[in-house]
2 protein chains.
Amino acid sequence: MSVDRDQVLRSAAALLTRKATSTMDEVARAAGISRATLHRHFAGRDALVRALEELGLQECEAVLDRSELGAGSAQDALRRLVKEIEPHAGLLAFLYTENQLFEGDTQHEGWARIDARLAALFRRGQESGEFRIDLTPAWLTEALYGLIGSGAWAVQDGRVAAKDFSYMIAELLIGGARRRVDS
Amino acid sequence: MSVDRDQVLRSAAALLTRKATSTMDEVARAAGISRATLHRHFAGRDALVRALEELGLQECEAVLDRSELGAGSAQDALRRLVKEIEPHAGLLAFLYTENQLFEGDTQHEGWARIDARLAALFRRGQESGEFRIDLTPAWLTEALYGLIGSGAWAVQDGRVAAKDFSYMIAELLIGGARRRVDS
DNA sequence: CCCTTTTGAGACGGCTTCGTCTCATTAGGC
DNA sequence: GCCTAATGAGACGAAGCCGTCTCAAAAGGG
């Protein structure tokens, strides 16, 4: 009988990804439970969003761990990362735009850790000579977030095929649109 | 005495860019007018957003015209485009995320025109051999929107210098992160 | 088979925002 | 200097959503 908190979170993530302004009632219905039960597990909307943020952080940390960003070439590490992060792209896109709403508020420190790990990957690529040095690691990190969000929305609306998601993102981020003469 | 409608729109755009959930009262105060006057010019919040969408569309069309996307190399055309669109990046970012909220609703047909013109640019680059053909024009268009949004937010939060905005976007989109061995 | 725990349904008040309205004030043309 | 039109300030009800509460029903363990 007891509600699976994690499953509620995941269904909430899926719904809020599609419609970021969903009400608590819609979130509850999507999870197949009543609004009362939803409130018993999450004190309020803020608590729900913060729990989603926590979930997103955990997923990201896990993805970063699995991707072994320190191994092999930075390019391949980045490809592994994008591939691994694909299942969580929707949640990430939601959290990314949600963060823009918290104007003055201090953001969760966990994101600083994620940002640092991503920036370190780009910096490693620059130091090894794989990546160009005129694009800052901070910007590449930001661009990665943006492309993940764009990709998630484009797939959701059918503008891009789901199977191409990780390829399109990784290739654009790594190689850009220009046709390569070398390699 | 009479209120300058266009100026109200622009201040609303600037505010909503920073805080997409601003109330009508905040929008009015930001424009230096009363809520009553704001309502005299825009029937409601929906009307305001739609007017902003119209403004964004006009700006985009104007930018596309000024950029002369058909002239010269596709790369240079894209660089001109990004440079020209910079002043409107905030409004674009707002409208881009706002569109995600209108789940089922049919979006303004004007965006289809913009999309088509952008996709045509990327297709031209592919046909001329400048751009790779494994990234679809639709995805490149989507990625351009995403990077503009990310860039606008990154500049707003101070993670990227404002002066680097167009360079970072155009270079990443065109050349990617990989270091080029050839020219 | 009973008893405890969890859930669902719904009601309730409160809060925020919206859209409308009124009325006094002010700006600016004539 | 008057007259008209626009504006500001504020009140008002309506609507939507939230958070809490109650109570009956259902589940599931012992």
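To find a chain, count down the sequence lines: A is the first, B the second, and so on, and within it residues start at 1. Because the structure is predicted, anything quoted here is derived from the model rather than measured.
- Applying the salt bridge (charged side-chain N to carboxylate O under 4.0 Å, His left out) test to A:E61 and every residue at least two apart in sequence or in another chain returns A:R113, A:R117.
- Residues A:L52 and A:L9 approach most closely at CD2-O, 3.4 Å, considering heavy atoms.
- Partners of B:T37 according to the side-chain contact (heavy atoms from CB on, under 4.5 Å) rule, which considers only residues two or more places apart in sequence or in another chain, are B:V3, B:I33, B:S34, B:R40, B:H41.
- Rounded to an integer number of Å, the gap from A:R5 CZ to C:dT7 C1' is 18 Å.
- Under the rule for a ring-ring contact (aromatic ring centres under 6.0 Å, His included), A:F42 has no partner lying at least two apart in sequence or in another chain.
- Take A:R50 and apply the salt bridge (charged side-chain N to carboxylate O under 4.0 Å, His left out) test, not counting sequence neighbours, and it matches no residue.
- For the pair A:T37 and C:dT7, the criterion of a side-chain N or O lying under 4.0 Å from OP1 or OP2 is not met.
- A straight line from CZ of B:R29 to C1' of C:dT17 spans 14 Å, rounded to a whole angstrom.
- Evaluation of the ring-ring contact (aromatic ring centres under 6.0 Å, His included) rule for B:F165 yields no partner, not counting sequence neighbours.
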Polar-atom pairs under 3.5 Å, protein N or O versus N or O of nucleotides 18-24 of chain D: list them with distances, or write none.
from   : atom 1 : to    : atom 2 : distance (Å)
D:dC18 : OP1    : A:M24 : N      : 3.4
D:dC18 : OP2    : A:M24 : N      : 3.2
D:dG19 : OP2    : A:H39 : NE2    : 3.2
D:dG19 : OP2    : A:R45 : N      : 3.3
D:dG19 : N7     : A:R35 : NH1    : 3.0
D:dG19 : O6     : A:R35 : NH2    : 3.0

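- In this structure, B:L38 places its CG atom 15 Å from C1' of D:dA9, rounding to the nearest Å.
- Atom CD of B:E26 and atom P of C:dT16 are 13 Å apart (whole Å).
- In this structure, CD1 of B:I33 is placed 11 Å from P of D:dA9, rounded to the nearest angstrom.
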